[in-house]
Number of protein chains: 2
Amino acid sequence: MIDAPDLETRAAPEDHHALRLWLRLLTCCNLIEGEIRGRLRLDFDTTLPRFDLMAQLQRAPKGMKMGELSRRMMVTNGNITGITDQLEKEGLVVRTKVENDRRSSVLKLTPQGRKVFARMARAHENWVKGMFDGLPEDSRDALFKGLGELKLQVVSRRAEDK
Amino acid sequence: MIDAPDLETRAAPEDHHALRLWLRLLTCCNLIEGEIRGRLRLDFDTTLPRFDLMAQLQRAPKGMKMGELSRRMMVTNGNITGITDQLEKEGLVVRTKVENDRRSSVLKLTPQGRKVFARMARAHENWVKGMFDGLPEDSRDALFKGLGELKLQVVSRRAEDK
DNA sequence: TATTGTTATACTCTATAACTATA
DNA sequence: TATAGTTATAGAGTATAACAATA
């Protein structure tokens, strides 16, 4: 066993199972996310939110409205404006105007943005594969399924509350 | 199916299984963490790092050195100093000096800190239970086991790299 | 009136690096 | 020389709220 103190050590043996599960989930996520953030910074001098925004655009060849990005990334409009400003200054995305609604902007990757993102996405995928590929196939399947159920659970509770 | 666009929509069907698994993990974690952060803010006017620090101290009746907190919370010494300053100002923790090493500080919860933390911890546990308890027992077990494997995997890779 | 996006502001968290005091 | 903690600094990310233009 590796001696790696971490957040999960905050759990006590008598704690409720759900709590221990949550702390383990959080620890895993933080470890992996930290690894990815660090590498994005080191190898590509960028951040996770910038990468996420570009990933969303990559999946939307016709571009995406800023409000839609805000919903998907679950941050406020103002934040999207800020991240977009940076990316546009670097020539990676571009705001375009739509015909029927002059309030809206549609964001698209520039050719340069597509090129840069392709390189980042390839590296990113390799990092992730490296971290997950040691897991037995059935564990991966079980995780995927369990997390799917968990997500539904959490999302539907949120919908109830509002 | 609930229409809730989120980070996971960034995955494409052709993406590697590991990548889809990671995005789902990240989405779950962000949803739950956001919920907890929001409630900590609303109900107790505090933050997750502050709560985490107090949780660590709660588990260490004799207190804990700041360096140890830094390792467990995986942040730098300077950050621990900052969070500690806030909590000490609010009378929730206290720095104490140790006999044999005058450089070190040992942090402890004050009686007031223990009282406040107990209330927060109870509420926190209920939030978490509420989010996880809808999961079938075998799904929870599978998640716990799979995440344990994943954590080992990631931690040991980190150890190799350094 | 409601919506889209922008701006201004403030705050938390974070890391880096230089520093003090002790060991 | 090394370690424990502090300080100073800078930057990212976040939310809130007021705002302009448009629907």
Side-chain angles (χ1 to χ4, degrees), chain A residues 7 26 29-31 33-42 44-54 63-90 93-108, chain B residues 7 26 29-31 33-42 44-54 63-90 93-108:
Chain A
L7 256 189
L26 182 59
C29 215
N30 284 347
L31 282 168
E33 197 176 331
E35 186 80 14
I36 291 176
R37 280 184 196 272
R39 290 184 189 243
L40 280 176
R41 169 64 63 207
L42 274 179
F44 297 103
D45 193 31
T46 193
T47 65
L48 196 47
R50 287 209 281 250
F51 179 78
D52 284 342
L53 194 151
M54 293 180 74
M64 193 178 287
K65 289 209 283 186
M66 298 182 72
E68 177 65 15
L69 280 166
S70 164
R71 274 187 295 281
R72 294 199 181 210
M73 295 176 64
M74 296 188 269
V75 296
T76 56
N77 270 345
N79 295 134
I80 298 295
T81 297
I83 298 174
T84 298
D85 287 347
Q86 298 173 341
L87 291 173
E88 194 166 37
K89 199 158 60 184
E90 295 171 25
V93 308
V94 63
R95 285 171 168 94
T96 63
K97 279 305 182 185
V98 292
E99 278 297 313
N100 37 345
D101 186 344
R102 285 189 300 172
R103 295 172 306 179
S104 298
S105 282
V106 165
L107 234 59
K108 291 178 187 164
Chain B
L7 256 188
L26 182 59
C29 215
N30 285 347
L31 282 169
E33 198 176 331
E35 187 80 13
I36 291 175
R37 281 184 196 272
R39 290 184 188 243
L40 280 177
R41 170 63 63 208
L42 274 180
F44 298 102
D45 193 30
T46 193
T47 64
L48 197 48
R50 287 211 280 252
F51 178 78
D52 284 342
L53 194 151
M54 293 181 74
M64 195 179 285
K65 289 209 283 187
M66 299 182 73
E68 178 66 14
L69 279 165
S70 164
R71 274 188 295 281
R72 294 201 181 207
M73 295 178 63
M74 297 187 267
V75 297
T76 57
N77 269 345
N79 296 134
I80 298 295
T81 297
I83 298 173
T84 298
D85 287 347
Q86 298 172 341
L87 291 173
E88 194 166 37
K89 200 158 59 186
E90 296 171 23
V93 309
V94 63
R95 285 170 168 94
T96 63
K97 279 304 182 185
V98 293
E99 278 297 312
N100 38 345
D101 186 344
R102 286 190 301 174
R103 295 171 306 180
S104 296
S105 282
V106 165
L107 234 57
K108 293 178 187 163

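To find a chain, count down the sequence lines: A is the first, B the second, and so on, and within it residues start at 1. Please read all numbers here as calculations on a predicted model, not as lab measurements.
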Rounded off to whole Å, could you give me the CG-to-P distance for the B:Asp85 and C:dC13 pair?
13 Å
Under 4.0 angstrom, heavy atoms only, what part of the nucleic acid is B:Arg95 near: base, sugar-phosphate, or nothing?
sugar-phosphate
Test for a donor-acceptor pair under 3.5 Å between the base of D:dT22 and the side chain of A:Arg102, counting only N and O atoms.
no
Under-4.0 Å side-chain N/O to phosphate OP1/OP2 contact, B:Thr76 with C:dT14:
no
I want to confirm an ordering. Mapping A:Gly78 and A:Asp101 to their closest nucleotides on DNA chain D, which one lands closer to the 5' end?
A:Gly78
Distance in angstrom units between A:Leu69 CG and C:dG5 P, rounded
9 Å
Value in whole Å for how far the P atom of C:dT7 lies from CD of A:Gln86
14 Å
Here the distance between atom P of D:dT16 and atom CG of B:Asp45, to the nearest Å, is 14 Å
Mind calculating the distance between NZ (A:Lys65) and C1' (D:dA23) to the nearest angstrom?
11 Å
If I take atom CG in residue A:Leu40 and atom C1' in nucleotide D:dG13, what distance separates them, rounded to the nearest angstrom?
15 Å
Touch check for B:Thr47, heavy atoms < 4.0 angstrom, all strands: base, sugar-phosphate only, or nothing?
sugar-phosphate
If you measure from the Lys or Arg side-chain nitrogens to the Asp or Glu carboxylate oxygens, is any gap between B:Asp45 and B:Arg50 under 4.0 Å?
no
Rounded to whole Å, please give me the gap between CD1 in B:Ile80 and C1' in D:dT7.
16 Å
So, is A:Asn79 close to the D:dA15 phosphate, meaning a side-chain N or O under 4.0 Å from OP1 or OP2?
yes
Check every strand shown and say whether B:Ser104 touches a base, only sugar-phosphate, or nothing at a heavy-atom separation below 4.0 Å.
sugar-phosphate
